[in-house]
Structures are given as C-alpha cells and as structure tokens.
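Note sheet for the following structure.
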Amino acid sequence: MDFKPKRPQKELKYEELRIYTDEELHNYTEEELKDFKIKHDIPDLEELEKGPWPSFVADAKREALHRKKLPKDRMMIDQDVVDDLLGQLQLSFDDGETHWKHGGIVGVFGYGGGVIGRYSDVPEKYPSVAHFHTLRVNQPASKFYKTDFLRALCDLWEFRGSGMFNMHGSTGDIILLGTTTEQLEPLFYDLTHELDQDLGGSGSNLRTPSCCIGKARCEFACIDTQDLCYELTTHYQDELHRPAFPYKFKIKIDGCPNGCVASLARSDMALIGTWRDDIRIDQEAVQAYIRGEIQPNGGAHSGRDWGKFDIQKEVIDLCPTGCMVMEDGKLVINNQECNRCMHCINTMPRALRPGIDTGVSILFGAKAPILEGAQLAVLTVPFMKAEAPYDNIKELLEKVWDWWIEEGKNRERLGELIQRKGLPRFLEVIGVPAAPQMVKMPRTNPYIFWKEEDVPGGWKRDIKDYRLRHKR
Ligand code: HEM
Ligand code: HEM
Ligand code: SF4
Ligand code: SF4
C-alpha cells in the first residue's frame with residue numbers, strides 16, 4: 001500500500017532554501033585544517049583524534065575552523081561556540097565532572113516541550129556556551145532523507161545554532177546541539193515555515209515515536225511500521241507537544257520480533273509485528289541452502305569458517321520449541337508450536353518467510369531502572385490487526401492513557417503503575433481477558449486476591465455464627 005500523507009507534503013528544494021553560498025560552505029582546505037588549533041588547549045581530546053573510528057573531536061575541529069572562516073554576520077550565535085564546547089569538555093576531562101548547570105526551562109510558545117535548556121557553570125571561561133540549548137526535531141519514520149532536506153537543515157542550524165548535531169537522539173529525534181534562548185523562536189519559525197518540520201517531544205508527554213525500516217527495505221516486516229509510526233505521531237500531536245501525563249511515555253514499532261528499534265526495552269508501548277498463520281516455505285530454496293548454494297544468514301558469518309551449512313545443527317536443533325523436522329528431504333514446521341522467534345527465517349531468508357495473516361503483539365511498561373528497577377515490556381495483547389487508520393490500536397492506547405493519567409503518581413512510569421496495581425487490574429482497564437501467553441509461568445506464592453463477588457457468602461461474616469460451632 002502506498003504511503004498517504006495526511007496533508008500535502010512540501011517538496012523542499014535546497015536551492016530555494018539555502019543560506020550559504022558554495023564558497024562559504026567550502027571555506028577551508030585540508031592543509032589549513034592540519035595546522036589548525038582551536039582557542040583552548042585540549043590535550044586529552046586530541047588523544048581521541050587517534051585511532052580508526054571516526055573522531056568526534058576531529059569533526060568538531062572542522063566545524064570550528066569552518067565557523068572561524070565564515071563572516072561573523074553570517075551566524076546568529078557566537079562564532080566560537082564549538083571552540084568553547086571543546087574547551088569546557090576538556091575541563092570536564094580534567095575535573096572528572098560535568099560543567100553544565102542543573103536543569104534549564106526554555107521552549108517555544110504553544111508547546112510545553114521539545115527544547116532541553118542548558119547553561120554552562122563556567123560561562124566566564126566559555127562564554128559562547130553560556131546558553132547551550134538542545135532542540136529535538138521530529139525525524140521522518142525510519143530516518144530516510146533527501147539531501148535537499150538535510151542541506152537546508154544544516155544551513156539553518158549553522159545560521160541559528162552551533163552547527164553541531166546528534167544524528168540521532170536515542171528516542172529517534174534529530175538533535176540540534178547548542179543554541180541561545182533568543183534563537184529558539186526564530187528557529188522554530190524557520191523549521192515550520194520553511195522546512196515544514198516540527199519539534200519532537202520532551203517532558204512528561206508522548207515522546208517522539210520511532211520505528212524500524214520495516215517494509216521500506218526489509219522482507220521480514222509484518223506491518224507497515226512507518227505508516228503506523230507516522231499515523232500515531234500526527235494523530236497524537238497534542239499529547240506530544242503539551243505535556244499532560246504523570247511522566248514520559250514512549251511508543252516504538254518493530255516490524256517483526258527481531259526488534260531493530262528495541263521497542264521491547266525502550267518504549268512504554270511496544271508494537272511488534274508478527275503473524276498467526278503458517279511460515280511460508282520454499283522447499284527448492286531449502287535444498288539450495290542444504291547444497292551450499294546460498295549462504296546461511298545472508299552471509300552474516302562469512303568472516304569465519306564455520307564449516308558447511310548443516311540445517312539440522314543450525315536450524316532444526318536450535319528451534320526453541322523443537323517444532324521443525326526434515327521429512328523425506330522436506331522441511332516441515334508444526335506452526336501451532338512455533339513461537340515466531342524468527343530464528344529459522346533469519347537463517348534461511350530466501351527459503352522461509354513470515355505468514356501473510358499479519359498484525360502486532362502489543363507489550364506495555366518497559367523502562368530504565370529508576371525508580372523501581374528496569375523493566376522489559378509485558379505482553380498484554382498477543383495479536384491485533386494493524387491496518388490504517390489503526391483505530392483499534394488508538395482505542396487501546398487511549399484506554400491505557402485514561403487510566404494512567406488518572407491513577408499514575410507523579411513521575412510514575414506506566415510500567416511501575418502496572419507493578420503497583422497489578423497486571424490483572426491493567427487487563428481489566430484495557431478490556432482484555434487474561435491469557436496464558438501473558439505470563440512466562442504462573443505465580444509461585446499463594447497470596448492470591450479474590451473478588452468478593454466471586455466468593456460464595458462474600459466477606460461479611462459474624463464471629464458469633466462462627467462461635468456457635470467453635471468454642472473459644
Ligand atoms: C494441626 C496443626 C496445624 C495446622 C493444621 C496448620 C495449618 C497451617 C496452614 C493451613 C497454614 C497456612 C499455609 C498457607 O498459607 O499456605 C499455616 C501456616 C503457618 N503455620 Fe501452621 N498449622 C499447624 C500448626 C502450626 C504450629 C504448631 C506452628 C508453630 C509453632 C505453625 C506455624 C505456622 C506458620 C509460621 C505459618 C505461616 C507460614 C507462612 O505464612 O509462610 N503451625 N499453618
Ligand atoms: C520478637 C518476636 C517477633 C518478631 C519481631 C516477629 C516479626 C515478624 C514479622 C516482621 C513478620 C512478617 C510480617 C509480614 O510480612 O507482614 C512476622 C510474621 C509472622 N510471625 Fe512473627 N515475629 C515475632 C514472634 C513470633 C512468634 C513468637 C510467632 C509464633 C509463635 C510468630 C508467628 C508469625 C507468623 C505465623 C507470621 C506469618 C504471618 C503471615 O504470613 O501473614 N512470630 N513476624
Ligand atoms: S524489526 Fe524486523 S521488520 Fe523491522 S527492520 Fe528489523 S528485521 Fe526488519
Ligand atoms: S520461528 Fe522460531 S519457533 Fe518458529 S519454527 Fe522457526 S525457529 Fe522454530
């Protein structure tokens with residue numbers, strides 16, 4: 001199915017949006033870079049220019065030199081911002097401590113989040129990073145870009161910010177790293193009016209949803225992760241921009257159980273693609289794997305000699321449920337016992353494919369350790385269809401939000417609320433009957449609550465009736 005945006009998409013043309021000329025963009029030579037020293041001594045950071053991995057210090061120095069050679073009036077924040085950032089970082093290396101002040105509350109009118117304010121605690125030494133706010137910009141689903149967009153964004157950020165990015169933040173956003181409070185509104189204006197681009201989330205709200213590359217480039221994708229991600233992002237813009245929750249809430253979407261955006265670990269609501277019919281088997285391709293004509297795992301282990309592919313050893317014996325056998329030279333899967341772990345499909349992608357009756361499993365409550373300990377998400381909806389406009393998923397999500405907004409304590413993640421109130425209560429809230437798939441094993445302790453209506457006679461007992469039969 002083709003992607004259908006909710007409103008006309010602006011076709012961005014860099015040539016119409018550009019701020020800098022080609023001469024301004026290519027304003028230094030590699031020779032100049034070699035001799036270039038930034039404003040501060042940074043001996044420890046310079047150590048990090050050595051070695052084979054791309055060095056963030058080397059990159060930052062390029063940017064520092066580039067800014068030094070741009071005319072001062074072609075940038076709205078201090079020319080030396082990169083120098084001062086590296087200077088302050090060196091100081092932190094010396095002291096073993098951060099030099100950012102606590103907190104910082106800045107933003108743009110109309111929104112309650114999207115900007116993380118930050119101030120240096122040594123501004124007299126590093127005046128250009130006295131203000132060093134971060135903007136979160138909502139990335140396109142799966143982070144596919146055209147150079148027109150990226151170049152226009154780079155020009156804008158060079159003009160109104162430090163020129164430094166984080167591509168991308170862990171939640172998914174494009175991170176614009178470092179600008180002053182005065183630049184926030186003009187930046188926001190340019191982002192929205194010129195680049196047709198909104199901020200992402202921060203604070204006690206819906207954070208920027210993200211997804212794996214899904215059907216764009218992966219034959220394992222059981223659902224259109226990008227369409228779903230885009231739909232939820234646009235549908236819940238209010239929840240994303242104006243914090244209304246007890247705490248943060250994240251949504252991530254994986255197209256299959258391989259979990260390439262780690263939704264299971266890093267989102268309060270994880271939507272994970274799956275199927276409920278049979279794995280599709282191409283027996284001829286299975287034979288080609290056995291004959292060694294196709295490399296197992298798409299050649300992922302070709303860096304070492306693991307011997308000839310052995311389907312028994314590498315697939316059948318590793319199936320966690322033991323539901324595969326070879327019968328008369330044919331691979332047979334007992335799909336009723338398959339738990340859709342992906343192992344066999346991952347190993348023989350040209351022979352095996354997920355089924356065609358696809359949807360999502362929905363898991364809630366993942367979070368990092370603070371306060372009550374780290375949690376992976378818990379399976380609450382084993383299977384749900386995931387087709388545009390995803391009303392069933394939205395309905396479920398809104399039930400969860402209604403409950404958590406009402407019952408959640410200040411700064412209590414959904415996962416902790418489920419822990420505090422119990423999974424049975426959570427299931428009641430979302431209207432899903434308890435099922436064996438929701439637990440790894442039944443409880444071992446006998447501290448079992450019963451509802452009064454489920455117990456004959458209820459809870460109201462008179463001790464005198466008891467004493468008629470039992471003497472003290
Ligand atoms: C005929 C004699 C006894 C009977 C029929 C009896 C029965 C029981 C039962 C049914 C329980 C509850 C088990 C549960 O909740 O799973 C229990 C718990 C307990 N009983 Fe007895 N009991 C007897 C004698 C005693 C004596 C003599 C002691 C100590 C001197 C004792 C100490 C305990 C303790 C400490 C528990 C609590 C265990 C826990 O909560 O984990 N019981 N007993
Ligand atoms: C200084 C003496 C004692 C102290 C400090 C003490 C302390 C405790 C504590 C802290 C608990 C756990 C309560 C809970 O988890 O909710 C407990 C449970 C229990 N105690 Fe004691 N206890 C003492 C003496 C006794 C004696 C002498 C008996 C019996 C002869 C006894 C029988 C029990 C039983 C049956 C339980 C289990 C209650 C339940 O599971 O609900 N205790 N006690
Ligand atoms: S999670 Fe599955 S569908 Fe998504 S990119 Fe990874 S392997 Fe492909
Ligand atoms: S997906 Fe996993 S459980 Fe299912 S047949 Fe393949 S290896 Fe076995």
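Residues: numbered from 1 along the sequence shown. Remember, it's 1-based here, ligands and their atoms both numbered in the order they're listed. All values below come from the heavy atoms of this structure, side chains included, with hydrogens, waters and symmetry mates left out.
Inclusion of C344 in the first shell of atom 2 (Fe) of ligand 4 is not supported: no N, O or S atom falls under 2.8 Å.
Ring centroids of W275 and F383 are separated by 6.0 Å or more, keeping the two rings apart. If you look at F149 and Y14, their ring centroids are not closer than 6.0 Å.
Pairs passing the salt bridge (charged side-chain N to carboxylate O under 4.0 Å, His left out) check and including a residue from residues 279-293, sequence neighbours excluded, read E284-R291, R291-E293. Annotation: side-chain hydrogen bond (donor to acceptor under 3.5 Å, both in side chains) contacts involving residues 301-314, sequence neighbours excluded, comprise Q312-D317.
With respect to the salt-bridge test (charged N to carboxylate O, under 4.0 angstrom), the residues E47 and K50 qualify.
For N205, the side-chain contact (heavy atoms from CB on, under 4.5 Å) criterion is met by R207, P243, not counting sequence neighbours.
Protein N/O/S atoms closer than 2.8 Å to atom 2 (Fe) of ligand 3: C256 SG.
Taking every non-hydrogen atom of I213 and a distance limit under 4.0 Å, the qualifying atoms of ligand 3 come out as 5 (S). Close approach to C341 involves these atoms of ligand 4, each under 4.0 Å from a residue heavy atom: 1 (S), 2 (Fe), 3 (S), 7 (S). Counting atoms of ligand 4 from 1 in the listed order, those under 4.0 Å from a heavy atom of M324 are 5 (S). With ligand atoms numbered from 1 in the order given, ligand 4 contributes 5 (S), 8 (Fe) to contacts under 4.0 Å with heavy atoms of C323.
Ring geometry for F364 versus F426: interplanar angle over 60°, hence perpendicular rather than tilted (30 to 60°).
Annotation: atom 4 (Fe) of ligand 4 to nearest protein heavy atom, C338 SG, 2.3 Å. The single protein non-hydrogen atom nearest to atom 8 (Fe) of ligand 4 is C319 SG, 2.3 Å, given as residue, atom name and distance. Of the protein's non-hydrogen atoms, the one nearest atom 3 (S) of ligand 4 is N339 OD1, 3.3 Å.
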Evaluate the criterion side-chain hydrogen bond (donor to acceptor under 3.5 Å, both in side chains) for residue pair S142 and Q226; output intermediate values, then yes/no.
CA-CA 7 Å; S142 311; Q226 291 156 320; 2.9 Å; yes
Walk me through whether Y236 and E231 qualify under side-chain hydrogen bond (donor to acceptor under 3.5 Å, both in side chains).
CA-CA 8 Å; Y236 295 114; E231 176 60 31; over 6 Å; no
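Each of R413, K248, K252, K367 was scored for a salt bridge (Lys or Arg N to Asp or Glu O under 4.0 Å) with D268, with one residue passing: R413.
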